[in-house]
K.L.:
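Can you read through this structure? Questions will come right after.
Bear in mind that the values here come from a model prediction, so they are computed numbers and not experimental data.
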Amino acid sequence: MPRLLLLAILFYLSGFAVNAQDGPKVGLVLSGGGAKGMAHIGVLKVLEEVGIYPDYITGTSMGAVVGGLYACGYSAAQLEEIALTADWDILLANKTLLSNIAIEHKDFYGRYQLNLPIEGFSIGLPKGLIEGQELSEFLIRLTTPVHEINDFDNLPIPFRCIGADIATGDPVVLKSGFLATAIRASMAIPTVFTPVKIDGRLLVDGGLVHNFPVQDVIKMGADIVIGVSVGDSLLNEDQLGSLVDILSQATFIASYKETQRQITYTDYYINPIVKPYTTSSFNSGDSLILRGEQAARMQYDVLKALADSLKQLRTFKPATLPKIDSSFKISSISVEGNKVFSDELIIGKLNIPPGSSLTQVELTSRISAVYGMLNFDRVYYELLHGPQGNTLIVNVKETTPGTAAFNLHFDSENGAGLMVNLTFRNLGLNNTRLLLEADIAETPYFHGNYFLYIGKNQNHAISIGAKYFADEIPSFDFSGTKEFIYKSKLTHFYFNVQNTEFRNSTFGLRVFSDLNTLKPVVGDSLTRLFKKLTYTNFGLRPYFNYNTLNRKALPTHGKRISVSGTVHLYMNGNLTEPTAEFVDIDPNYTLLSFDAEYEQYFPVHPKITLFTSHIIRLTNFKEGKTNISDYYLSGGFKPNFMLSGAFWGADKYEFKLSSFYRGAGGIRYAMFKSLFLTGAVNYLETKYPMAWMGDDFFDIIPATGKDRRLGWFLNVTLNTLVGPLSFGVANEFGRQNFHHYLSLGFNFMNSHQF
C-alpha cells in the first residue's frame, strides 16, 4: 500500500489534525450491469464489517441505484432487504397493477400485446418498451427523505451518477436535480426503457459510454478508490455464436475498453464472479448479493488492513437516513409538465384537500390514481418540506394524443381474432377520451365510447357509446341436445352518468336501448317458422362497480363487486314472414331485474391462491312477455355475448336463464414462475333463493329441466409474452362427455380469468 503510506506521511508532515473532517478520503465506484449490480450490496456488507464507509460514491445504471440509495443513508442491510422484497417483475414491466388503474379504464387495460403511439395521422414506434412508472415510484418513495436536496454534494454521502446523451453520445455526469429522476436516467437501457429528458438533454443508460466512473470520484476529492465492477469480459471468437451475441458485444465494446482504462485508476478493485446470472436475473438477488460478499471476503485481509490504517489518520462515521415524519401535511399542490390536460383534472384525481396529512403509502396511492387515468406515460412527484407543511410538486409526462393497441387471440370456443383499439384524447373537447375497439373475429365485437370528465374537481363523467355483439346461439332440449341454432346480432346503445372520484369504485346511471335480431341458421328447422325476429327495448340501469383485482389474467389478490338494477320502460318484438303462430312481446309489460356479482382472490401462500365467485340474477321474467336478449346465457369456458357467463362442464350458451344463482370456488398453484395449475368447481341453482320470494313475482324457468347443476374444471396456464396460454378440461357431474378448451391471449369479454 505505498500510496496510502505516502498519503499518511504527507498528512503527518503537513500537521493536519486527525479527525473525521481530515485525512484521506475514500471513494466508492459501482459499475452498471443490470441485475448483476445487486452484487454491490454484498460488497457493501463487507466494507461495513471491516469499518470502511465511503466519503464519495459514483455509479452507473444499477450501480447508480445501489450507490444513490446508499448515499441517501440506507445501510447495506436495508438495501439487502429492499432488493429481496421488491417485486421486480412489476418494477421492470411496462404494466402497473390493475388495482392502480382508474375504474373507468380497467376494462380496456392490460389486454393488448402491442401499444403504439399515434401522432397526427400516423402510427409511430415507442422510444422504449418500458416507461418505468412503477420503477420511478419505487425510487421516489425510497428517496423521499432527501427530496429537498437538489445538490448531490449535500446528500449524506456526496454522489454522482452517469447518463449518456443519446443525441451526441457524450457521457453526462449528473450531480444535481431530483435524485430519483437522475438514477432512473442512468439506467434507461436503450430500446428497453424510454429515455429521460434532464436539462434539455435526452439521456439513456450511462453504461453505453462510461460504465465505471472512477475518474469522476477522484475529481470529487477521493484519495483512495475502491471500485466494484460486475461487468463481463468480451466474448472470444468461438463464443460469438449468434447474431444476438455479436450485436450485444458490438454495443458495449467501446464501454468495455473504457472500463478497462478506468480500472487502472482504482486502488482496490473487486470483480464479483456473477456468471451464470445475467442482467435480467433480478429474482436471484440473494445469490447475487452472496457473490458480491464472497468476492469482497477474498480481499478481506487487505480491506481490513486498509480500514485499520485509515483509522490511524481519521475516523469513519456511517451515513444515516435523514429523519422524516411518518405522515406529510400537504399545504399546496403544483402541477408541472402538463400541456393538454388541465391542472383541475390532475388535482381532482389526486383528491388531496389542502391541509391533508398523508402517509407515504397513501401519497404513492394518490399519485398512482393520476397515472391510472392512462393519460400520462409517467407521473412522479417531489415533496418540498417546509415549516407550514409540504409543497407537493406533481410532474407529468403526457402520453401521445392517440394510441393504437393490438391483440391476437385464439380460443377453441370462439375461434381466432385480432382485437384493435384506437384511443384519442381531448378530441373535440378537453379532458375527453374517444375509444374505438373492434374484435375482427369469428364472433365479431365492436365498442365505441366518448367519455368526458365534468365537475369542479373532474370527479364525475358522462359518456355515450354503443356495443355490438354477434354470435350463433344454440337452443337445447331438456336432454341437453341441440334443437336449433340462430344467429344473434345485438347492438346496445347507452348514455352514462357516473362518479369518477375513486380509483377502484364507481356508481352511476345508464340509459340504454337494445336492438337484437335473430335469424335461424339456413337449413335449420326454425327456417320453416320465420326468417327473422327483431327485438327492441329501452330502459334505465343504476349500478355500482368495485374492482381491486391486481391483474386481469391470473389475479392473486383483490375483489370485484358489481350490483345493478334494470327497469325496462319499453319492449317490443316483431316477427318477419312467420309461417307459424308466434306470441309477440307485450309492450305494456315492465321487466325488472336485479344483478349482483362477487369475486375474490386470497393468497394463502406465495405459490397458492384461493378464489371464489358468486352471481345472482332476479327477474320478474314472464315467458311470452319479454325478449330473448334478456335471458342470461350460461355455459362453456368463455362465452362472448353481452349477458353471458361461464359454466364449466356445459356447452357454450347451453342454459338460457331468467333468475339463477351461480357459485364457484377453487385453488391455483404456481408450479413455476409462469406456469399455473388451477382446479375449481361451479354450482348452478335455478330454484332457490328465487322461489322463497314468491311464484307470482319470480317465474322460474329451469335450465334444461334441472333446478341445480354441479361441474368441475381443471386448467394449466402458461403466462407468456403474448398473454395466457391455457388448456382446460371440464365436466358436469352425471354426464359422460368431457369439454376441452384451448386459448391464447385475451378476448374482449371476461378477459381476466381464474
K.L.:
Under the salt bridge (charged side-chain N to carboxylate O under 4.0 Å, His left out) rule, collect the residues that match up with Glu382, sequence neighbours excluded.
P.N.:
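Partners of Glu382 by the salt bridge (charged side-chain N to carboxylate O under 4.0 Å, His left out) criterion come out as none, since no residue qualifies.
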
K.L.:
Using a 4.5 Å cut-off on heavy atoms from C-beta on, say whether the side chain of Arg291 contacts that of Met38.
P.N.:
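No, every pair of side-chain atoms sits at 4.5 Å or beyond.
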
K.L.:
Residues two or more places apart in sequence or in another chain: which of them pass ring-ring contact (aromatic ring centres under 6.0 Å, His included) with His147?
P.N.:
Phe178, Tyr381

K.L.:
So which of Thr60, Thr58, Asp216 actually passes side chain to side chain donor-acceptor pair (under 3.5 Å) with His210?
P.N.:
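Filter result, single survivor: Asp216.
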
K.L.:
Hey, could you give me the CD/CD1 distance between Gln133 and Ile90, rounded to the nearest 0.5 Å?
P.N.:
12.5 Å

K.L.:
Leu549 and Asn547: which non-hydrogen atoms are nearest, and at how many Å?
P.N.:
N-OD1, 2.9 Å

K.L.:
Could you check if a side-chain atom of Ile162 sits within less than 4.5 angstrom of a side-chain atom of Val173, using non-hydrogen atoms only?
P.N.:
yes

K.L.:
Please round to the nearest 0.5 Å and tell me the distance separating atom CG of Leu303 and atom CG of Asp308.
P.N.:
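Between Leu303 CG and Asp308 CG, I get 11.0 Å after rounding to 0.5 Å.
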
K.L.:
For Gly372 and His105, work out which heavy atoms get closest and say how close.
P.N.:
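The answer is O-CD2, 3.7 Å.
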
K.L.:
Quick one: list whatever passes salt bridge (charged side-chain N to carboxylate O under 4.0 Å, His left out) with Arg503, sequence neighbours left out.
P.N.:
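Testing Arg503 for salt bridge (charged side-chain N to carboxylate O under 4.0 Å, His left out), a comparison that skips the adjacent residues, returns none.
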
K.L.:
Could you walk me through whether Asn271 and Ile263 pass side-chain contact (heavy atoms from CB on, under 4.5 Å), step by step?
P.N.:
CA-CA 10 Å; Asn271 182 213; Ile263 289 173; over 6 Å; no

K.L.:
Please identify each residue that fulfils salt bridge (charged side-chain N to carboxylate O under 4.0 Å, His left out) with Lys673, with sequence neighbours left out.
P.N.:
Asp89

K.L.:
Is there side-chain contact between Leu84 and Ile289, with heavy atoms separated by less than 4.5 Å?
P.N.:
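Heavy-atom side-chain distance check passes, below 4.5 Å.
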
K.L.:
What are the two closest heavy atoms between Ser332 and Thr391, and how far apart are they?
P.N.:
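Residues Ser332 and Thr391, closest heavy atoms: OG-OG1, 3.3 Å.
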
K.L.:
Does the pair Lys317/Asp55 count as a salt bridge with the N-to-O cut at 4.0 Å?
P.N.:
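No salt bridge links Lys317 with Asp55.
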
K.L.:
With sequence neighbours left out, what residues match Phe282 under ring-ring contact (aromatic ring centres under 6.0 Å, His included)?
P.N.:
Trp88

K.L.:
Between Phe212 and Val29, is there a side-chain heavy-atom distance shorter than 4.5 Å?
P.N.:
yes

K.L.:
When rounded to the nearest 0.5 angstrom, what is the spacing between CD1 in Ile57 and CG in Leu44?
P.N.:
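Rounded to the nearest 0.5 Å, the CD1-CG separation comes out at 7.0 Å.
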
K.L.:
Could you tell me the separation between the CG atom of Leu383 and the CD atom of Glu148, rounded to the nearest 0.5 Å?
P.N.:
10.0 Å

K.L.:
Quick one: closest heavy-atom pair of Gln299 and Tyr269, and the distance?
P.N.:
NE2-O, 2.8 Å

K.L.:
Cut-off 3.5 Å, side chains only: do Ser186 and Arg160 have a donor facing an acceptor?
P.N.:
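No, no side-chain donor-acceptor pair sits under 3.5 Å.
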
K.L.:
Quick one: list whatever passes ring-ring contact (aromatic ring centres under 6.0 Å, His included) with Tyr56, sequence neighbours left out.
P.N.:
none

K.L.:
Applying salt bridge (charged side-chain N to carboxylate O under 4.0 Å, His left out), can you list everything that pairs with Arg261, at least two apart in sequence or on another chain?
P.N.:
Glu258

K.L.:
Does the side chain of Ile367 reach to within under 4.5 Å of the side chain of Val394, using non-hydrogen atoms?
P.N.:
yes

K.L.:
Is any side-chain heavy atom of Lys106 closer than 4.5 Å to one of Asn504?
P.N.:
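They are in contact (side-chain heavy atoms under 4.5 Å apart), so the answer is yes.
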
K.L.:
Is atom CG of Leu610 surrounded by more than 12 heavy atoms (other residues, nucleotides or ligands) closer than 6.0 Å?
P.N.:
yes

K.L.:
Report all side-chain donor-acceptor pairs from residues 350-359 shorter than 3.5 Å, counting only partners two or more places apart or in another chain.
P.N.:
| residue | atom | partner | partner atom | Å |
| --- | --- | --- | --- | --- |
| Ser356 | OG | Pro353 | O | 2.6 |
| Thr359 | OG1 | Glu362 | N | 3.2 |
| Thr359 | OG1 | Glu362 | OE1 | 3.4 |

K.L.:
Does the side chain of Pro272 come within less than 4.5 Å of Val228's, by heavy atoms?
P.N.:
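Contact flag for Val228/Pro272 side chains = yes.
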
K.L.:
Mind listing the side-chain donor-acceptor pairs of residues 197-204 below 3.5 Å, one per line with the distance, residues two or more places apart or on another chain?
P.N.:
| residue | atom | partner | partner atom | Å |
| --- | --- | --- | --- | --- |
| Arg201 | NE | Asp165 | OD2 | 2.8 |
| Arg201 | NH2 | Asp165 | OD2 | 3.2 |

K.L.:
Give me each pair satisfying salt bridge (charged side-chain N to carboxylate O under 4.0 Å, His left out) with a member in residues 336-359, each pair once, sequence neighbours excluded.
P.N.:
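Passing the test, one end in residues 336-359: Glu104-Lys349.
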
K.L.:
Considering non-hydrogen atoms only, spot the tightest contact between Thr609 and Thr556 and give its length.
P.N.:
CG2-O, 3.7 Å

K.L.:
Nearest 0.5 angstrom please: Asn211 CG to Ser229 OG, how far?
P.N.:
6.5 Å

K.L.:
Evaluate Met220 against Asp153 for side-chain contact (heavy atoms from CB on, under 4.5 Å), listing each step before the verdict.
P.N.:
CA-CA 9 Å; Met220 293 176 71; Asp153 280 338; 4.3 Å; yes

K.L.:
Would you be so kind as to tabulate the donor-acceptor pairs closer than 3.5 Å made by side chains of residues 66-76, with sequence neighbours excluded?
P.N.:
| residue | atom | partner | partner atom | Å |
| --- | --- | --- | --- | --- |
| Tyr70 | OH | Glu48 | OE2 | 2.9 |
| Tyr74 | OH | Leu142 | O | 2.5 |
| Ser75 | OG | Gln78 | N | 3.1 |
| Ser75 | OG | Gln78 | OE1 | 3.4 |

K.L.:
Going by the rule ring-ring contact (aromatic ring centres under 6.0 Å, His included), which residues pair with Phe376 if we only count those two or more places apart in sequence or in a different chain?
P.N.:
Phe341

K.L.:
For a quick test of reading the model, state the closest non-hydrogen atom pair linking Asp377 to Glu398 and the distance between them.
P.N.:
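Looking at all heavy atoms of both residues, the shortest contact is OD2-O, 3.9 Å.
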
K.L.:
Go through the steps to decide whether Leu310 and Ile224 satisfy the test side-chain contact (heavy atoms from CB on, under 4.5 Å), and finish with yes or no.
P.N.:
CA-CA 10 Å; Leu310 287 173; Ile224 299 167; 3.7 Å; yes

K.L.:
For the backbone of Ile140 and the side chain of Thr144, can you confirm whether one donor and one acceptor N or O come within less than 3.5 Å of each other?
P.N.:
yes

K.L.:
Give a yes or no on whether the backbone of Gly33 and the side-chain of Ser61 come within a donor-acceptor separation of less than 3.5 Å.
P.N.:
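Here the side-chain-to-backbone pair does not exist.
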
K.L.:
Is Leu288 close to Val230 at the side-chain level, that is, under 4.5 Å between some pair of heavy atoms?
P.N.:
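Contact flag for Val230/Leu288 side chains = no.
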
K.L.:
So, Ser368 and Ser365: side-chain donor and acceptor under 3.5 Å apart, yes or no?
P.N.:
no

K.L.:
Decide side-chain contact (heavy atoms from CB on, under 4.5 Å) for Tyr371 and Arg378; before the verdict, give the C-alpha distance in whole Å, the side-chain angles of both, and the deciding distance to 0.1 Å.
P.N.:
CA-CA 7 Å; Tyr371 178 76; Arg378 194 162 62 247; 5.7 Å; no

K.L.:
Atom CG of Leu208 and atom CD1 of Ile166: how far apart are they, to the nearest 0.5 Å?
P.N.:
6.5 Å

